[in-house]
Amino acid sequence: MGTLKDYIENKMSMSHVYQPVMIKTLLVNGGVAHKKAIAKDILSYDISQVEYYIRITNNMVGRVLRKNGIAKKEKDNYSLISFKDLSAEEVEALIGLCESKIAEYIDKRGDKIWEHRRRNRKAVPGSIRYQVLKRAKGRCELCGISMEEKALEVDHIVPKNHGGEDSLDNYQALCFTCNANKRDTDDTDFRKMNAVYSHREQNCIFCTINKGRIIDSNELAFVIRDKYPVTEGHLLMIPKRHCKTYFEISQAELNSMHRLAHKHREILITEDPGISGFNIGFNIGKDAGQTVNHCHMHLIPRRKGDVNNPVGGVRNIIPGKGDYTT
């Protein structure tokens with residue numbers, strides 16, 4: 001007992017409930033348990049799965065049974081309308097009939113009845129999952145809930161069955177509820193997504209840019225040196241797809257631009273240790289100073305003494321509004 005007790009109390013490093021649940025299952029079953037038994041016990045603690053089937057109960061099966069006069073719902077409880085009229089023998093017979101119907105359907109359809117739950121469920125490698133959760137700061141990127149409150153999943157922004165790729169740029173961290181609600185069948189958002197990302201404008205200088213100016217790129221974005229740099233090392237992160245402003249880019253494109261910004265921040269600092277800060281920003285609209293109508297993000301290195309008074313940073317875009325300390 002000593003070794004196991006010491007491991008549970010002192011040495012067990014937990015990122016989830018999995019380890020103690022598995023040990024408990026093994027203890028309850030005499031030290032040996034089939035993998036399915038362990039999986040079922042882990043599942044019993046997964047509130048997100050229960051939430052999924054609560055939605056199924058309320059929005060699908062419960063609605064059908066109520067419509068047909070078989071069941072009724074009062075607050076959060078369902079009841080069979082005719083249950084009080086049934087004898088114990090009739091209840092047993094009806095249970096047997098339900099089990100026969102279940103077995104008949106499974107025999108007819110096989111594993112296909114659960115295909116909607118298996119689709120795109122190929123495990124994301126641990127190192128990739130770590131990077132996605134780290135980038136999301138351990139929170140759902142849709143609703144913001146912490147992974148401490150609800151388990152997070154690594155989701156394809158553009159679904160696999162709509163051409164989405166297995167890449168960091170196309171992953172996001174979603175809690176199970178948001179992931180289930182998002183689904184992967186929205187015609188408006190996801191149909192022909194690859195074609196959308198391929199859109200270019202012939203009269204746009206960034207859509208038709210000389211490839212010699214591109215210093216780095218990934219699936220959805222590229223990097224160039226600013227033609228009129230504010231400081232030495234001034235770079236632009238630009239989505240490949242033609243979109244006018246920040247508010248038109250997708251989460252996948254934003255991820256791509258951010259990855260490039262993080263990468264080139266490190267490169268700039270390595271090449272010039274004198275860099276002590278950065279300004280990052282977007283100009284959106286003519287009155288905000290946008291001169292090229294293709295979204296782009298500025299990464300501007302800053303160095304000590306490059307201006308007399310740096311207080312206010314981006315506030316200095318309007319003269320006199322930067323130094324709010326005086």
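Not measured: the values here are computed from a predicted model. Every heavy atom of this structure was used, including side-chain atoms; hydrogens, water molecules and symmetry mates were not.
Using modelled atom types, one finds a donor on one side chain and an acceptor on the other under 3.5 Å when comparing Asp166 with His156. Side-chain contact check for Asn218 and Arg259: no donor-acceptor pair (N or O, by modelled atom type) lies under 3.5 Å. Using modelled atom types, one finds a donor on one side chain and an acceptor on the other under 3.5 Å when comparing Ser250 with Glu253.
Counting heavy atoms from C-beta outward, Val223 and Leu236 have side chains that stay 4.5 Å or more apart. Between Gln172 and Val132, the closest side-chain pair of non-hydrogen atoms is not below 4.5 Å. Between Asn255 and Tyr171 the shortest side-chain heavy-atom distance does not fall below 4.5 Å. Contact of the Val32 side chain with the Leu26 side chain is not registered, since no non-hydrogen atoms from C-beta on lie closer than 4.5 Å. For the pair Leu260 and Leu235, the minimum side-chain heavy-atom distance is 4.5 Å or more. At a threshold of 4.5 Å between non-hydrogen side-chain atoms, the residues Leu152 and Leu174 do not count as touching. No side-chain heavy atom of Ile128 sits less than 4.5 Å from a side-chain heavy atom of Val154. Side-chain contact between Asn316 and Val311: absent, with no pair of heavy atoms (C-beta onward) separated by less than 4.5 Å.
Distance check, rounded to the nearest 0.5 Å: CG of Asn279 to OG1 of Thr231 gives 8.5 Å. With rounding to the nearest 0.5 angstrom, the CG atom of Asn58 is 14.5 Å from the OH atom of Tyr53. Here the OG-OH distance, from Ser13 to Tyr7, works out to 8.0 Å after rounding to the nearest 0.5 Å. In this structure, NZ in Lys244 is found 13.0 Å from SG in Cys295, a value given to the nearest 0.5 Å.
Within a 6.0 Å sphere centred on CD1 of Ile95, heavy atoms belonging to other residues, nucleotides or ligands number more than 12. Counting heavy atoms of neighbouring residues, nucleotides and ligands inside a 6.0 Å radius, atom CD of Glu232 does not exceed 12 of them. The neighbour count for Asn68 CG, taken as heavy atoms of other residues, nucleotides or ligands under 6.0 Å away, is above 12. Under a cut-off of 6.0 angstrom, the local environment of CE in Met60 is sparse, with at most 12 non-hydrogen atoms contributed by other residues, nucleotides or ligands. Within a 6.0 Å radius of OH in Tyr130, other residues, nucleotides and ligands contribute 12 heavy atoms or fewer. At most 12 heavy atoms of other shown residues, nucleotides or ligands fall within 6.0 angstrom of atom CD in Gln202. Residue Arg55 qualifies as enclosed at atom CZ: its count of foreign heavy atoms under 6.0 Å is above 12. Open room surrounds NZ on Lys40; 12 or fewer heavy atoms of other groups in view lie less than 6.0 Å from it.
Here the shortest heavy-atom pairing between Arg225 and Ile215 reads NH1-CG2, 3.0 Å. A pairwise comparison of heavy atoms in Ala33 and Thr25 identifies CB-CG2, 4.0 Å as the closest pair. In plain terms, the two heavy atoms of Arg241 and Arg200 that are nearest each other are CA-NH1, 3.5 Å. Taking every heavy atom of both residues into account, Pro301 and Ile275 meet most closely at CB-CD1, 3.8 Å. Summarising the geometry of Ile249 relative to Pro239, their closest heavy-atom pair is CG2-CG, 4.1 Å, with the distance given to 0.1 Å. Between Met257 and Ala221, the shortest heavy-atom contact is CG-CB, 3.9 Å.
A salt bridge links Lys5 to Glu9: at least one charged side-chain nitrogen sits closer than 4.0 Å to a carboxylate oxygen. Between Lys24 and Asp41, no side-chain nitrogen of the basic residue sits less than 4.0 Å from a carboxylate oxygen of the acidic one, so the salt-bridge criterion is not met.
For the pair Glu201 (side chain) and Phe206 (backbone), a donor-acceptor distance under 3.5 Å is absent. A donor-acceptor contact shorter than 3.5 Å links the side chain of Gln290 to the backbone of Val292. In this structure a side-chain-to-backbone donor-acceptor pair under 3.5 Å is present from His296 to His294. Glu90 places a side-chain N or O within donor-acceptor distance of the main-chain N or O of Ser87, the cut-off being under 3.5 Å.
With Asp306 as the fixed residue, the side chain to side chain donor-acceptor pair (under 3.5 Å) test singles out one of Arg303, Arg302, Lys304: Arg302.
Note on Val230 and Leu268: separate hydrophobic clusters, where clusters join Ile, Leu, Val, Met, Phe, Trp and Tyr whose side-chain heavy atoms are under 4.5 Å apart, directly or indirectly. Grouping the Ile, Leu, Val, Met, Phe, Trp and Tyr side chains by contacts below 4.5 angstrom, directly or via other members, places Ile8 apart from Val28. Hydrophobic clustering (side-chain heavy atoms under 4.5 Å, transitive across Ile, Leu, Val, Met, Phe, Trp, Tyr) groups Leu254 together with Met237. Cluster membership check: Val61 does not share its hydrophobic cluster with Ile54, using side-chain heavy-atom separations under 4.5 Å among Ile, Leu, Val, Met, Phe, Trp and Tyr. Ile267 and Ile238 are not part of a single hydrophobic cluster, where members link through side-chain heavy atoms under 4.5 Å apart.
Listed by chain and number, the residues in a side-chain contact (heavy atoms from CB on, under 4.5 Å) with Ile284 are Thr245, Tyr246, Phe247, Phe282 (sequence neighbours excluded). Judged as a ring pair (Phe, Tyr, Trp, His ring centres under 6.0 Å), and not counting sequence neighbours, the contacts of His234 are His298.
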Quiz item: How far apart are the C-alpha atoms of Ile300 and Phe278, what are their side-chain angles, what is the distance that settles it, and do they pass the side-chain contact (heavy atoms from CB on, under 4.5 Å) test?
Solution: CA-CA 5 Å; Ile300 305 173; Phe278 287 89; over 6 Å; no
Exercise. Please step through side-chain contact (heavy atoms from CB on, under 4.5 Å) for the pair Tyr78 and Leu65, ending with a clear verdict.
Key: CA-CA 10 Å; Tyr78 285 89; Leu65 292 180; over 6 Å; no
Self-check item: Criterion side-chain contact (heavy atoms from CB on, under 4.5 Å) on Ile70 and Ile81, from CA distance to verdict
Solution: CA-CA 6 Å; Ile70 300 300; Ile81 291 175; over 6 Å; no
